[in-house]
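Report on one structure; see the data block that follows.
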Protein chains: 2
Amino acid sequence: MQLSQSEENYIKAIYALSEETGKEISTNDLAEKMATKASSVTDMLKKLTDKDLLKYKKYQGCTLTKNGREIALAIVRKHRLWEVFLVEKLQFGWDEVHAIAEQLEHIQSNQLTNKLEAFLGFPKVDPHGDPIPNINGEFDPSPKRVLLSKCEKGNKGIVMGVEDGEPSFLQYLNKIGFKLGLNIKVEDRLSFDGSLIIEMDGKTLQFSHLVASKIAIQLID
Amino acid sequence: MQLSQSEENYIKAIYALSEETGKEISTNDLAEKMATKASSVTDMLKKLTDKDLLKYKKYQGCTLTKNGREIALAIVRKHRLWEVFLVEKLQFGWDEVHAIAEQLEHIQSNQLTNKLEAFLGFPKVDPHGDPIPNINGEFDPSPKRVLLSKCEKGNKGIVMGVEDGEPSFLQYLNKIGFKLGLNIKVEDRLSFDGSLIIEMDGKTLQFSHLVASKIAIQLID
DNA sequence: TTTAAAATTTAGATATGTCTAAAAAATAAT
DNA sequence: ATTATTTTTTAGACATATCTAAATTTTAAA
Ligand SMILES: [Mn+2]
Ligand SMILES: [Mn+2]
Ligand SMILES: [Mn+2]
Ligand SMILES: [Mn+2]
């Protein structure tokens, strides 16, 4: 089935919200995510329901069907593979690739996706640490990840992922030398604002709760 | 100025027809090229005229403005660079890349185009021998090319280009071992149907006039 | 040079995707 | 249990890109 770019973006957004919440997605939440109006969302939900990509009951929100989830995973796969290409092969910074990948993820050619994956050496994660679904939409089993914002004083770990999509946030991380794979330790946690004092690469840094909530780590010992 | 995919395709088609004929492009010719109706073309010509991408007088056809030509060249540049990428890096056949490049040529990011060009080593021609405009829309001076269909008995040359866009034609060339760079010689020319007897790589082949008109060679001695 | 044919444009319709404003339903507050 | 608020849907409009059928202009023929 041939989907428009707009339809694909809705599917992807619903998938992303479902991953976060696990529940049904409300019209308003989706409208906010898509930076559009609730009425536009309602129209689109009807259309996607007719195409059997989601289940939708008036006033009750929506969830993806198996079909819809498969399409979402295919788009996510393309997005992340292209991000790897842009960083690994074209020397883009991790803060520059999301917007371009938003376009490239809509290119239609399974052969292209699969050959690109092979060319890149079957990467398992994208430049922001997000896992890349394989040709069947499956993720590799990956180590358990925790948001830095949920960590306690004394916790140690390895940086596994950061939220992509906001260049200024990623540029800030560049500036302080923050990279995937680094060892970090929570030196202290200020309970009144949730900010953290971090030790990383010999440096001491302070992260606001907001910043810490966009960083995922794997806890060690 | 942000153009729709459809607008870009019109600009590109007008450019291609202009290269062929050198004259103004008629509504009907453009309709045929775009596989659409003349009325749709008229609507689009008005829109593109308003955007100063072409000059158009009712019933008199159209030509690109400087502005329009620059945009056309930027799209052609992207198309051909992506074709090189697909063949050189992803191991696609030259018969498989045109349709995918038709999509990729619309990706908007000058930085991407320029980094891709560098990654590919600043290629001067695409897999079908078509020249690739540089960042300023300029072509390298290239040796004079002649259509094989215009050659006489006894002419010798090197294969420089083939018409892309028709997979079955390119697959036929694959089958007979025809490649860019080969030396060929016109053994004979049948005047009544314009077909040619060719010697290439030790083999003797017969090309119809139609096939010969889709092959360009550089004449030698 | 008047008529016939071909090419082109206009008029009116359809489909997609979006919007604002108003109506309806669900949820929260009294 | 009513009333008020929030959420969601519907109604009606607009922009893009396309189509068919009819009108107009240009070109070719008689
Ligand atoms: Mn991204
Ligand atoms: Mn990413
Ligand atoms: Mn091509
Ligand atoms: Mn080509």
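The chains referred to below are lettered A, B, ... by the order of the sequence lines, with proteins before strands, and numbering in each begins at 1. Given the structure is predicted, the values throughout are model-derived calculations rather than measurements.
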Residues touching DNA chain C, which here means a heavy atom under 4.0 Å, drawn from residues 52-64 of chain B
B:Tyr56, B:Lys58, B:Tyr59
Distance, rounded to the nearest Å, where A:Glu24 contributes CD and D:dT8 contributes P
12 Å
Take atom CG of A:Asp29 and atom C1' of D:dT8, then tell me their distance rounded to the nearest Å.
12 Å
Measure CD/A:Glu32 against P/D:dT7 and give the value in whole Å, please.
11 Å
Quick note, ring pair (Phe, Tyr, Trp, His ring centres under 6.0 Å) partners involving residues 104-150 of chain B, not counting sequence neighbours, are none
Go through residues 33-43 of chain A and report each residue with a non-hydrogen atom lying under 4.0 Å from DNA chain C, sorted by number.
A:Thr36, A:Lys37, A:Ser39, A:Ser40, A:Asp43
OP1 or OP2 of C:dT10 under 4.0 Å from side-chain N/O of B:Lys46
yes
For A:Tyr15, which residues count as a ring pair (Phe, Tyr, Trp, His ring centres under 6.0 Å) partner, sequence neighbours excluded?
none
Exactly one candidate in B:Glu138, B:Glu105, B:Glu83, B:Glu117 meets salt bridge (Lys or Arg N to Asp or Glu O under 4.0 Å) with B:Arg77; the answer is B:Glu117
Does D:dT16 have OP1 or OP2 sitting under 4.0 Å from an N or O in the side chain of B:Tyr10?
no
If I take atom CG in residue B:Leu3 and atom P in nucleotide D:dA15, what distance separates them, rounded to the nearest angstrom?
19 Å
Given the options B:Asp164, B:Asn174, B:Asp126, B:Trp94 meets side-chain hydrogen bond (donor to acceptor under 3.5 Å, both in side chains) only with B:Asn174
In chain order, what residues pass the ring pair (Phe, Tyr, Trp, His ring centres under 6.0 Å) check against A:Phe85, with sequence neighbours excluded?
A:Trp82, B:Phe85
Could you state the CD-P distance from B:Gln2 to D:dT16, rounded to the nearest angstrom?
13 Å
Does B:Lys153 have any side chain to side chain contact (heavy atoms under 4.5 Å, CB included) partners at least two apart in sequence or in another chain, and if so, which?
B:Asp188
With sequence neighbours left out, write down each residue that passes salt bridge (charged side-chain N to carboxylate O under 4.0 Å, His left out) with A:Lys214, or none if nothing qualifies.
A:Glu166
OP1 or OP2 of D:dT9 less than 4.0 angstrom from a side-chain nitrogen or oxygen of A:Thr27, does that happen here?
yes
Would you kindly give the CG-to-C1' distance between A:Asp50 and C:dT16, to the nearest whole Å?
14 Å
Whether B:Asn28 contacts C:dA6 is assessed here as follows: a side-chain N or O lying under 4.0 Å from the phosphate OP1 or OP2. Is that the case?
no
For A:His79, what residues pass the ring pair (Phe, Tyr, Trp, His ring centres under 6.0 Å) criterion, not counting sequence neighbours?
A:His98
Closest-nucleotide 5' rank along DNA chain C - winner of B:Leu45 and A:Gln5:
B:Leu45
With sequence neighbours left out, what residues match B:Glu24 under side chain to side chain contact (heavy atoms under 4.5 Å, CB included)?
B:Thr63
Measure from CD1 on A:Ile25 to P on D:dT8 and round the result to the nearest Å.
11 Å
